[in-house]
J.: 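Handing you this structure, nothing more for now.
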Amino acid sequence: MCQTNRGVTVWFTGLSGAGKTTVAVEVEKQLQKRNTRVQRLDGDIVRESLTSDLGFSKEDRNENIKRNTFVAKLLTKHDVVTLCSFISPYRSARDYARQEIEEVGEFVEVFVNPPLEVCEERDVKGLYQQARDGKIANFTGISDPYQAPENPDLELRTDQETLEESAQKVIDYLAEQNYI
Ligand code: ADP
């Protein structure tokens, strides 16, 4: 069957450990079951390749988003559902991504928003402890800013919802908007 939808980028933003990757992986699985063309771009992975030269200063974070937006835009242009999980703490960088991607398709901002305490308790990668111990500088939420979205398309309270519920909210939103 011919795919007639425009491409869409789903942009997951939130603190480290908020659940961006976990939800994106689940959404990817659901979409693959529907034979939807989907590609994930994940901060932890691209920072080992495409943006391995970058650190966590504001300038480097913005450059990270700029390069990944370039890739997401190409995928979106070719009608791929593109799932981006980047902390992307700066509102201006997220707005840049939206502006670029809306030139070729749709953009959905998803605020993955459990409280900081929950992320810190999860401490999936042990990074919060290291940041508290002063071993990591510029750590978002601890020693670096996170500018929460003011008007996200979707908010996921991953501390109150199951993973399945969070993922389903994304799928339902995409379906309601006729993006999938
Ligand atoms: P991020 O990509 O935002 O840094 P991760 O996805 O790597 O975050 O980690 C989120 C952690 O929270 C995982 O260990 C995951 O199992 C857990 N978690 C608990 N409940 C949820 C939920 N409803 N949605 C997503 N993750 C959840």
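Predicted model only: the values in this text are computed from it and were never measured. Remember, it's 1-based here, ligands and their atoms both numbered in the order they're listed.
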J.: So does D123 pair up with R132, basic N to acidic O under 4.0 Å?
T.: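 Looking at R132 together with D123, the answer is no, because their closest N to O distance does not fall below 4.0 Å.
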J.: Mind checking whether K125 contacts ligand 1 via backbone (N, CA, C, O), side chain (CB onward), both or neither, at a 4.0 Å heavy-atom cut-off?
T.: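 The side chain, only.
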J.: Give the atoms of ligand 1, by number and element, whose distance to some non-hydrogen atom of L15 is under 4.0 Å.
T.: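 Atoms satisfying the 4.0 Å criterion: 3 (O).
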J.: Which atoms of ligand 1 are found less than 4.0 Å from any heavy atom of K20?
T.: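 In order of numbering, the contacting atoms are 1 (P), 2 (O), 3 (O), 4 (O), 6 (O), 8 (O).
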J.: Just which atoms of ligand 1 are under 4.0 Å from any heavy atom in A18?
T.: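 Result: 1 (P), 3 (O), 8 (O).
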J.: Measure the distances from the heavy atoms of S16 to every atom of ligand 1 and state whether one is below 4.0 angstrom.
T.: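 It does; at least one heavy atom falls under 4.0 Å.
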J.: Need the ligand 1 atom indices (1-based, order shown) with element for anything under 4.0 Å from a heavy-atom of T162.
T.: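 Result: 23 (N).
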J.: Out of L163, V124, D159, whose heavy atom sits nearest atom 9 (O) of ligand 1?
T.: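 Of the listed residues, V124 has the closest heavy atom.
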J.: With distance as the sole criterion, is a donor-acceptor pair present between the side chains of S166 and T158 under 3.5 Å?
T.: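 Checked: S166/T158 side chains show no N/O donor-acceptor pair below 3.5 Å.
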J.: Please lay out, stage by stage, how V71 and L75 fare under the test side chain to side chain contact (heavy atoms under 4.5 Å, CB included).
T.: CA-CA 6 Å; V71 178; L75 289 164; 4.1 Å; yes
J.: In the protein, what heavy atom is nearest to atom 22 (C) of ligand 1, and what distance, to one decimal place, separates them?
T.: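 That would be T158 CB, 3.5 Å.
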J.: Which residue from T13, T22, D123 reaches closest to atom 16 (O) of ligand 1 through any of its heavy atoms?
T.: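 Answer by nearest heavy atom: T22.
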J.: Tell me which one of V25, T21, V23 gets a heavy atom nearest to atom 25 (C) of ligand 1.
T.: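 Among V25, T21, V23, the closest heavy atom to atom 25 (C) of ligand 1 comes from V23.
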J.: For ligand 1, which atoms, with element, lie under 4.0 Å from some heavy atom of S166?
T.: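 Once the distances to S166 are compared, the set is 23 (N).
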J.: Any side-chain donor-acceptor pair under 3.5 Å between E26 and Q30?
T.: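 Judged by distance alone, the side chains do pair up.
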J.: Is ligand 1 less than 4.0 angstrom away from at least one heavy atom of G14?
T.: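 Flag not set, G14 not near ligand 1.
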J.: Could you check whether any side-chain N or O of R94 sits under 3.5 Å from a backbone N or O of S88, counting only pairs where one atom can act as donor and the other as acceptor?
T.: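 Yes, R94 side chain to S88 backbone: donor-acceptor pair under 3.5 Å.
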J.: Hey, does E161 come in under 3.5 Å of ligand 1, counting only N/O atoms on both sides?
T.: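 Min N/O separation from ligand 1 is below 3.5 Å for E161.
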J.: So, for F139 and Y128, is the gap between ring centers shorter than 6.0 Å?
T.: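 Yes, they do, as the ring centres are separated by less than 6.0 Å.
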J.: What is the nearest protein non-hydrogen atom to atom 8 (O) of ligand 1, stated with its residue, atom name and distance?
T.: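 Nearest protein contact, heavy atoms only, for atom 8 (O) of ligand 1 is G19 N, 3.1 Å.
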J.: Stepwise, does the side chain to side chain contact (heavy atoms under 4.5 Å, CB included) test hold for L83 with V27?
T.: CA-CA 8 Å; L83 307 175; V27 170; 4.0 Å; yes
J.: What residue and atom, counting heavy atoms only, is the protein's closest point to atom 19 (C) of ligand 1, and at what distance?
T.: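 Result: R122 NH2, 3.4 Å.
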J.: A cation-pi test, strictly: NZ or CZ of R47 under 6.0 Å from the centre of the six-membered ring of F56 and no more than 45 degrees from its axis. Yes or no?
T.: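 Relative to the ring axis of F56, which defines the angle, R47 lies inside both limits.
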J.: Using the six-membered ring wherever Trp is involved, compare the ring planes of F111 and Y146 and label them parallel, tilted or perpendicular (cut-offs 30° and 60°).
T.: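 Ring orientation of F111 relative to Y146: parallel.
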J.: Taking R67 first and then E63, would you say they form a salt bridge - that is, a charged N and a carboxylate O separated by under 4.0 Å?
T.: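 E63 and R67: salt-bridged.
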J.: Considering only protein heavy atoms, which is closest to atom 4 (O) of ligand 1, and at what distance to one decimal place?
T.: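 Heavy-atom neighbour on the protein nearest atom 4 (O) of ligand 1: G17 N, 2.7 Å.
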